[in-house]
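Please read the structure below before turning to the comments.
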Number of protein chains: 2
Amino acid sequence: MTMAEDQARFLRCVGEPTRLEIVRLLAKGERCVGELTSVLNKEQSLISHHLKALKECNIVKERQEAQKVYYKLTNAGLARLIVDCEALMKELSLCKCQEVNYERKANQKSGKR
Amino acid sequence: MTMAEDQARFLRCVGEPTRLEIVRLLAKGERCVGELTSVLNKEQSLISHHLKALKECNIVKERQEAQKVYYKLTNAGLARLIVDCEALMKELSLCKCQEVNYERKANQKSGKR
DNA sequence: CGTTTATATGAATCATAATTCATATATATT
DNA sequence: AATATATATGAATTATGATTCATATAAACG
C-alpha cells in the first residue's frame, strides 16, 4: 500500500456525492442516522452503507445514545479540507465542468488538433 | 449539478491511484506523456485515458511541442491541496487504512455490538 | 511519399462500487 | 415477553470506472 494508494482511497471515499454531503453536514455538527436519512432523502440502508465506508476510512466516528447512533467527523481538519477544495474549485471554475466539456467537444469536432 | 456533485466529481477524479501519481508528478513540473508512461510503468494508452479524465476536470492542461505533448497542472493550488490532504492523513493515521480495517473485522467477529 | 515516433481514441472486457431489498440486531416501551 | 423504533448487514443487482487491445492521427525525418 503506497502513499498514493492510501490517499487515493481516502479521496475516492469522500468523492461520492452522497458521502460528501454527509461529510458537509457533519462538518456543521453531529447527526444521527435518521436525521441524515431524512435530510438527504435517501434509503436508510444506503446511508448506513455510506457511513460504514466513511468509518472504514476513519473519516467519521459514532456514538450511541439510546437507540440512536450519532456520527461526527473524526477531525476538524476534514471540514477545512473540503472548504479549501471548494474554494480552489471556484478559483479554477472547476464547477460547471459539464459546460466546459461540451465546448471542448464542439471544438474538437470542428477540426482542432 | 449541485456543488457537492461537482466537488465529488473532482475528488473522484484525483482519487484514482494512477491519476493521483500523475498529479503528484506534475506538481513537480511539466512532463510529456512518454515520461509519465515510463516513470509510472503503465501502458501508454492508459496514461492517455487518465490524462483525458484529468483534463476533463480542468486539473491538467497540455502544450504540444513537436510530436510531444507536455502536461502540467492548471493551478498550483492543486498541488497544495494534495499536500494538505497528505498532512491530514498522517495526522489522522488515515494511511494504513487496511490494517485498521482488519482489526475492526476481527473485533466484530468476536462478538462486539 | 513512406516510415518512425508520440499520442489519442473507441470498443470490449473486466473490476469495483452504488443501490436496493429483505432481514437481522439492538434498544426502548408497554 | 411482545411490539415499536433505529440502525446495520449481506446478498443480489445494477451502474460506473479502469484497463487492454487494436487502430487512428499527427508530426518529424529519411
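Letters A, B, ... mirror the listed sequences (proteins, then strands); counts begin at 1.
Under a 4.0 Å N-O distance rule, the pair B/K55/B/E62 qualifies as a salt bridge. With respect to the salt-bridge test (charged N to carboxylate O, under 4.0 angstrom), the residues A/E5 and A/R9 do not qualify.
Side-chain N/O atoms of B/H49 include none lying less than 4.0 angstrom from OP1 or OP2 on D/dG17. Within the 4.0 Å cut-off from OP1 or OP2 of C/dA8, at least one side-chain nitrogen or oxygen of B/Y71 is found.
Residue pairs meeting the side chain to side chain donor-acceptor pair (under 3.5 Å) criterion with at least one member in residues 28-40 of chain B, sequence neighbours excluded: B/E30-B/R63.
In this entry the distance linking NZ of A/K42 with C1' of D/dT7 reads 18 Å, nearest Å. If you measure from atom CG of A/L54 to atom P of D/dA8, you get 12 Å, rounded to the nearest angstrom. In this structure, A/L40 places its CG atom 15 Å from C1' of C/dA18, rounding to the nearest Å. Following rounding to the nearest Å, A/R9 (CZ) and C/dT16 (P) show an atom-to-atom distance of 11 Å. Atom C1' of nucleotide D/dA27 and atom CD of B/Q67 are separated by 5 Å, given to the nearest angstrom. Remark: P of C/dA6 and CG of B/L51 are 16 Å apart, rounded to the nearest angstrom. Computed from coordinates, the B/E62 CD to C/dA8 P distance equals 7 Å when rounded to whole Å. One atom, NZ of B/K52, and another, C1' of C/dT7, lie 13 Å apart when rounded to the nearest Å.
Without hydrogens or angle criteria, A/R19 side chain to A/H50 main chain gives no donor-acceptor distance under 3.5 Å. Within the 3.5 Å criterion, the main-chain N or O of B/T18 finds a donor-acceptor partner in the side chain of B/E16.
Residues B/F10 and A/C85 form a side-chain contact, since some pair of their non-hydrogen atoms from C-beta on lies under 4.5 Å apart. Within the 4.5 Å cutoff, no side-chain heavy atoms of B/L26 are placed close to those of B/L78.
If you find the closest nucleotide of DNA chain C to A/E43 and to A/A66, the one lying nearer the 5' end belongs to A/E43. Along DNA chain D, the nucleotide nearest B/S45 and the nucleotide nearest B/A53 are compared for position; the residue whose nucleotide lies closer to the 5' end is B/A53. For the pair A/E65 and A/Q44, nearest-nucleotide mapping onto DNA chain C gives the more 5' position to A/Q44.
In summary, of the residues considered (B/I82, B/L25, B/L54), a side-chain contact (heavy atoms from CB on, under 4.5 Å) with B/L20 occurs for B/I82 alone.
Taken residue by residue, residues 17-25 of chain A places no heavy atom nearer than 4.0 Å to DNA chain D.
Considering only the side chain of A/L46, C/dT20 comes nearest among C/dA8, C/dA17, C/dT20. Here the side chain of A/S48 is nearest to one of C/dT19, D/dA27, D/dT9, namely D/dT9. If you check C/dT9, D/dT19, D/dT9 against the side chain of B/H50, the one that comes closest is D/dT19. The listed nucleotides are D/dA8, D/dT19, C/dT7; the one nearest the side chain of B/C32 is C/dT7.
Across all strands shown, A/T37 has no heavy atoms under 4.0 Å from either base or sugar-phosphate atoms.
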